[in-house]
Chemist: 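Attaching a single structure in structure tokens format; questions to follow.
All residue numbers refer to positions in the sequence shown, counting from 1. Computed from a predicted structure; not experimentally measured.
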Amino acid sequence: MYLYLVEGYRDGGKVKQRTIASFGKVSDLCPDQLKEMGLKLLGLCPNNTLIDLDHTEELCRKNWGIPQIVDNLWNKFKLSNFFTAVFYKRDIKYDIESVIKLLLADRLGAPCSKLKTYENQNYYDNHYDVELHNIYKTLNELCSLKSQIEKHLFEQSKLQSYVNLSAVFFDVTTFHFESVNQDELRNFGYSKNAKFNEVQVVLSLLITEDGIPLGYDLFSGNTYEGHTLSAGIKKLKEQYDIKKVIVVADRGINSGANLHALIADGFEYIVGNRFKNLPKKVQNVVLGTEDYVIMNTDSRHDVFKYKIIDHEKEIRIDNKIEVIASKLICTWSSKRAAKDRRDRERLVNKAEYIIKNGDSSKMRGAKKYLLEDNKSNFSLNVKKVEADAKWDGFYVIETSDEQLSAEKVLSAYHQLWKIEESFKLYKSHLETRPLYHWTPDRIAGHFVLSYIAFLFERVLEIELRKTNSEDPISPSNIRKALNSMEYSELNCGSKIYKLFGNIEPLGLKILESLKITPPRKAISV
């Protein structure tokens with residue numbers, strides 16, 4: 001076998017080759033000679049860099065994508081302009097924007113404690129150079145700017161056409177601490193997570209139909225959820241100057257005072273109704289089988305029907321009797337009936353276990369089906385079981401908007417899952433808890449930070465949907481894509497190089513949606 005250097009060329013449309021040099025028999029050349037010849041030939045190529053992999057060392061691995069995306073969204077919402085304006089006359093002796101960007105980068109990529117964020121800041125290719133004490137100072141600043149930040153983000157969301165105000169969804173949740181120490185914010189109360197032996201805070205949230213947050217309020221942990229709506233109404237009317245909107249909420253806020261306040265401020269409402277609290281006359285109409293209209297469902301195994309009842313509710317406001325006129329959309333679903341029956345049977349079985357074994361330590365939930373005599377003996381409350389059974393499958397929704405059809409009311413109310421999903425995003429994905437802070441201002445500042453991160457996450461989802469991406473769009477998939485935007489910094493003898501890893505397809509879609517150009521595969525530093 002002989003070794004030649006040949007050149008290909010075209011002659012009259014035909015591809016031909018000519019010999020430029022002959023190197024003799026391959027067997028006469030040792031491996032080092034072949035390598036030296038190849039290197040010299042490669043060295044003649046313009047703009048060519050040779051790397052000796054045998055003597056290459058990885059110095060570090062960094063994420064370049066998340067800082068760029070945070071910068072992009074930061075600029076989209078003009079947050080530099082905002083912070084420049086609010087700190088114009090303040091003597092802030094550190095770069096507060098870099099601190100917030102670092103905290104946002106970590107919340108989107110890998111949420112952790114502020115101490116861990118400080119220790120891992122070099123992972124991001126942005127040279128944040130943030131001091132730990134400035135992170136804690138920044139939380140205090142964010143606390144003081146909460147309302148201004150909300151208003152600025154709302155106005156920018158409107159300018160970017162992210163806000164659709166046809167309906168606003170409202171709900172309340174709780175965030176607990178691994179602590180029993182109380183203060184003006186942390187307190188014991190009804191826990192949505194069954195953490196009754198730990199202090200908590202209460203958070204109410206407003207979002208649009210598309211999941212964009214409009215604002216939130218933080219309350220002491222012992223606040224009853226029905227008393228949280230007034231702050232949301234005030235925000236819509238005074239802070240955002242929203243004149244008319246339909247507020248959609250679960251039955252937790254369905255009190256006469258809340259509904260009267262919504263109507264008095266010019267808003268409409270769609271809320272769940274505690275039908276067992278309705279007057280007996282209305283209850284009988286709900287339970288009556290006549291006048292129900294069967295509605296088509298997506299499932300062949302589910303029967304869904306409804307009927308509409310005009311309803312007047314008398315409430316006492318400032319020692320005066322007021323009357324609120326509304327419509328009740330009474331619904332019955334075979335699927336819900338089966339679930340209600342299973343849930344009740346589970347509690348009845350639990351009650352029977354307590355009766356049989358005398359173990360009252362597991363009474364939660366089953367207590368309503370137990371009767372206790374003066375000797376602390378338990379028996380089954382059969383009348384209560386039968387009374388609850390007749391409501392299997394029924395659900396009542398109340399609305400003040402008489403112009404809305406039953407189908408539109410049901411559609412709007414069934415979208416409340418979006419706010420439940422938002423709470424899951426807050427708690428699990430963005431890891432707003434566990435909460436590592438113990439002073440009210442830092443706790444409040446932590447929630448402001450989580451709110452900004454929540455908005456950024458939602459905007460990424462909306463922008464991705466515009467690209468008609470075939471990749472599943474979910475917060476976890478977005479995080480996975482963001483975390484794939486890494487490079488390795490390599491020491492190759494006398495030079496340093498950045499070798500960029502493969503970006504996931506969804507990551508490329510994120511960059512495309514934000515008009516960010518992906519980097520070359522490798523660059524020298």
Chemist: For Glu225 and Val202: C-alpha separation, side-chain torsions, deciding distance, then whether side-chain contact (heavy atoms from CB on, under 4.5 Å) applies.
Modeler: CA-CA 8 Å; Glu225 69 173 293; Val202 175; 5.6 Å; no
Chemist: Any side-chain heavy atom of Leu511 within less than 4.5 Å of one from Met485?
Modeler: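 Sidechains of Met485 and Leu511: in contact.
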Chemist: For the pair Tyr451 and Leu153, evaluate side-chain contact (heavy atoms from CB on, under 4.5 Å) and give the outcome as yes or no after the intermediate values.
Modeler: CA-CA 10 Å; Tyr451 180 79; Leu153 293 176; 4.0 Å; yes
Chemist: Could you check whether atom NZ of Lys158 has more than 12 heavy atoms from other residues, nucleotides or ligands sitting under 6.0 Å from it?
Modeler: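 Check fails, neighbour count at 12 or below.
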Chemist: Report the residues that fulfil salt bridge (Lys or Arg N to Asp or Glu O under 4.0 Å) with Glu489, sequence neighbours left out, ordered by chain and then residue number.
Modeler: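 Not a single residue meets the salt bridge (Lys or Arg N to Asp or Glu O under 4.0 Å) criterion with Glu489.
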Chemist: Do the charged groups of Lys424 and Glu420 touch, with an N to O distance under 4.0 Å?
Modeler: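 Salt bridge flag = no for Glu420 with Lys424.
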Chemist: Taking side chain as C-beta onward, heavy atoms only, is Tyr94 less than 4.5 Å from Glu131?
Modeler: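 Side-chain contact under 4.5 Å: no.
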Chemist: Going by an N to O cut-off under 4.0 Å, is there a salt bridge joining Lys498 and Asp125?
Modeler: yes
Chemist: Report yes or no: is the cationic atom of Lys76 (NZ for Lys, CZ for Arg) closer than 6.0 Å to the six-membered ring centre of Phe456, at no more than 45° off its axis?
Modeler: no
Chemist: Side chains of Leu464 and Leu506: does their closest heavy-atom pair fall under 4.5 Å?
Modeler: yes
Chemist: For a 4.5 angstrom cut-off between non-hydrogen side-chain atoms, does Leu145 reach Phe83?
Modeler: yes
Chemist: Within this structure, what is the CG-CG distance for the pair Leu236 and Leu165, rounded to the nearest 0.5 Å?
Modeler: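 Result: 8.5 Å between the selected atoms.
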Chemist: Okay, side chain of Ser450, backbone of His446: is any donor-acceptor separation there less than 3.5 Å?
Modeler: yes
Chemist: Quick one: does any side-chain atom of Asn477 pair with a main-chain N or O of Ile473 as donor and acceptor, under 3.5 Å?
Modeler: no
Chemist: Surrounding NZ of Lys418 (heavy atoms of other residues, nucleotides or ligands, distance under 6.0 Å), is the total greater than 12?
Modeler: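 Check passes, neighbour count above 12.
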Chemist: Tell me if a side-chain donor or acceptor on Asn254 pairs with a main-chain N or O of Arg274 at a distance below 3.5 Å.
Modeler: no
Chemist: Counting only heavy atoms not in Lys307 (residues, nucleotides, ligands), do more than 12 fall under 6.0 Å from its NZ?
Modeler: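 Yes - once you tally the heavy atoms of other residues, nucleotides and ligands closer than 6.0 Å, there are more than 12.
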Chemist: Is any side-chain heavy atom of Asp441 closer than 4.5 Å to a side-chain heavy atom of Leu139?
Modeler: no
Chemist: Looking only at side chains, do Tyr190 and Asn222 share a donor and an acceptor under 3.5 Å apart?
Modeler: no
Chemist: Listed by chain and number, what are the side-chain hydrogen bond (donor to acceptor under 3.5 Å, both in side chains) partners of Asp106, not counting sequence neighbours?
Modeler: Thr117, Tyr124
Chemist: For Asp210, enumerate each residue passing the salt bridge (Lys or Arg N to Asp or Glu O under 4.0 Å) test, keeping only those at least two apart in sequence or located in another chain.
Modeler: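 For Asp210, no residue satisfies salt bridge (Lys or Arg N to Asp or Glu O under 4.0 Å) once neighbours in sequence are set aside.
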Chemist: Between Glu150 and Tyr240, is there a side-chain heavy-atom distance shorter than 4.5 Å?
Modeler: yes
Chemist: About how many Å separate NZ of Lys509 and OG1 of Thr467, when rounded to the nearest 0.5 Å?
Modeler: 5.0 Å
Chemist: For the atom pair CG (Leu404) and CD1 (Ile329), what is the distance rounded to the nearest 0.5 Å?
Modeler: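 Output value for this atom pair is 9.0 Å.
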Chemist: To the nearest 0.5 Å, how far apart are CG in Leu490 and CG in Leu499?
Modeler: 5.5 Å
Chemist: Does Arg61 have any salt bridge (Lys or Arg N to Asp or Glu O under 4.0 Å) partners at least two apart in sequence or in another chain, and if so, which?
Modeler: Glu58
Chemist: Could you list the residues that satisfy side chain to side chain contact (heavy atoms under 4.5 Å, CB included) with Ala231, not counting sequence neighbours?
Modeler: Asp217, Phe219
Chemist: Quick one: list whatever passes side-chain hydrogen bond (donor to acceptor under 3.5 Å, both in side chains) with Lys93, sequence neighbours left out.
Modeler: Asp91
Chemist: Could you tell me whether the side chain of Ile69 reaches within less than 4.5 Å of the side chain of Leu73, counting heavy atoms only?
Modeler: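 Side chain of Leu73 against side chain of Ile69, heavy atoms only: contact under 4.5 Å found.
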Chemist: With sequence neighbours left out, what residues match Ser80 under side chain to side chain contact (heavy atoms under 4.5 Å, CB included)?
Modeler: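 Trp74, Glu97.
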Chemist: Just so I know, are the side chains of Lys114 and Leu449 near enough to count as touching, which here means a heavy-atom distance under 4.5 Å?
Modeler: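 Of all side-chain heavy-atom pairs linking Leu449 with Lys114, at least one is under 4.5 Å.
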Chemist: When you measure from the side chain of Asp171 to the backbone N and O of Ile419, does any donor-acceptor pair fall under 3.5 Å?
Modeler: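 Not at all, since once roles are kept as given, no pair shorter than 3.5 Å links the two residues.
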Chemist: The criterion is ring-ring contact (aromatic ring centres under 6.0 Å, His included); which residues satisfy it with Phe170, sequence neighbours excluded?
Modeler: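 Scan of Phe170 (ring-ring contact (aromatic ring centres under 6.0 Å, His included), adjacent residues dropped) gives none.
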Chemist: Run the numbers on Tyr123 and Glu486 for side chain to side chain donor-acceptor pair (under 3.5 Å), then give the verdict.
Modeler: CA-CA 9 Å; Tyr123 170 67; Glu486 292 184 319; 2.7 Å; yes
Chemist: Measuring from Met295:CE to Asp302:CG, what's the distance to the nearest 0.5 Å?
Modeler: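 Between atom CE of Met295 and atom CG of Asp302 there are 11.5 Å.
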Chemist: Take Gln156 and Tyr162 through the test side-chain contact (heavy atoms from CB on, under 4.5 Å) and record every step on the way to the result.
Modeler: CA-CA 9 Å; Gln156 291 301 315; Tyr162 291 131; over 6 Å; no
Chemist: Would you confirm whether Arg107, through its side chain, and Cys112, through its main-chain N or O, come within 3.5 Å as a donor-acceptor pair?
Modeler: yes
Chemist: Rounded to the nearest 0.5 Å, what separates atom CG in Leu206 from atom OG in Ser422?
Modeler: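 Answer for the CG-OG pair, Leu206 versus Ser422, is 11.0 Å.
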Chemist: Would you check if the side chain of Asn258 reaches a backbone N or O of Gly226 as a donor-acceptor pair within less than 3.5 Å?
Modeler: yes
Chemist: Please identify each residue that fulfils side-chain hydrogen bond (donor to acceptor under 3.5 Å, both in side chains) with Asp241, with sequence neighbours left out.
Modeler: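 Partners of Asp241 under the side-chain hydrogen bond (donor to acceptor under 3.5 Å, both in side chains) test: Lys243.
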Chemist: Could you walk me through whether Phe423 and Leu203 satisfy the side-chain contact (heavy atoms from CB on, under 4.5 Å) test, starting with their C-alpha distance in whole Å, then the side-chain angles of each, then the deciding distance to 0.1 Å, before giving a yes or no?
Modeler: CA-CA 10 Å; Phe423 285 145; Leu203 178 132; 3.7 Å; yes
Chemist: Any side-chain to backbone donor/acceptor pair from Gln200 onto Gly221? Under 3.5 Å, distance only.
Modeler: yes
Chemist: Can you name the residues that form a side chain to side chain contact (heavy atoms under 4.5 Å, CB included) with Ala110, not counting sequence neighbours?
Modeler: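 Ala110 satisfies side chain to side chain contact (heavy atoms under 4.5 Å, CB included) with no other residue.
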Chemist: Does the gap between the ring centers of Phe175 and Phe447 come in under 6.0 Å?
Modeler: yes
Chemist: I'd like to check the side chain to side chain contact (heavy atoms under 4.5 Å, CB included) partners of Gln121; sequence neighbours left out, ordered by chain and number.
Modeler: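 Residues passing side chain to side chain contact (heavy atoms under 4.5 Å, CB included) with Gln121: Leu102, Tyr118, Tyr128, Val130.
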Chemist: Is it true that a side-chain atom of Lys327 and a backbone atom of Ser405 form a donor plus acceptor pair closer than 3.5 Å?
Modeler: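 No; zero donor-acceptor contacts below 3.5 Å.
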Chemist: Donor-acceptor pairs are to be reported for all side-chain atoms of residues 262-271 against protein atoms at under 3.5 Å, with residues two or more places apart or in another chain.
Modeler:
| from | atom 1 | to | atom 2 | distance (Å) |
| --- | --- | --- | --- | --- |
| Glu268 | OE1 | Ser400 | OG | 2.5 |
| Glu268 | OE2 | Lys244 | NZ | 3.3 |
| Tyr269 | OH | Glu398 | OE2 | 3.3 |

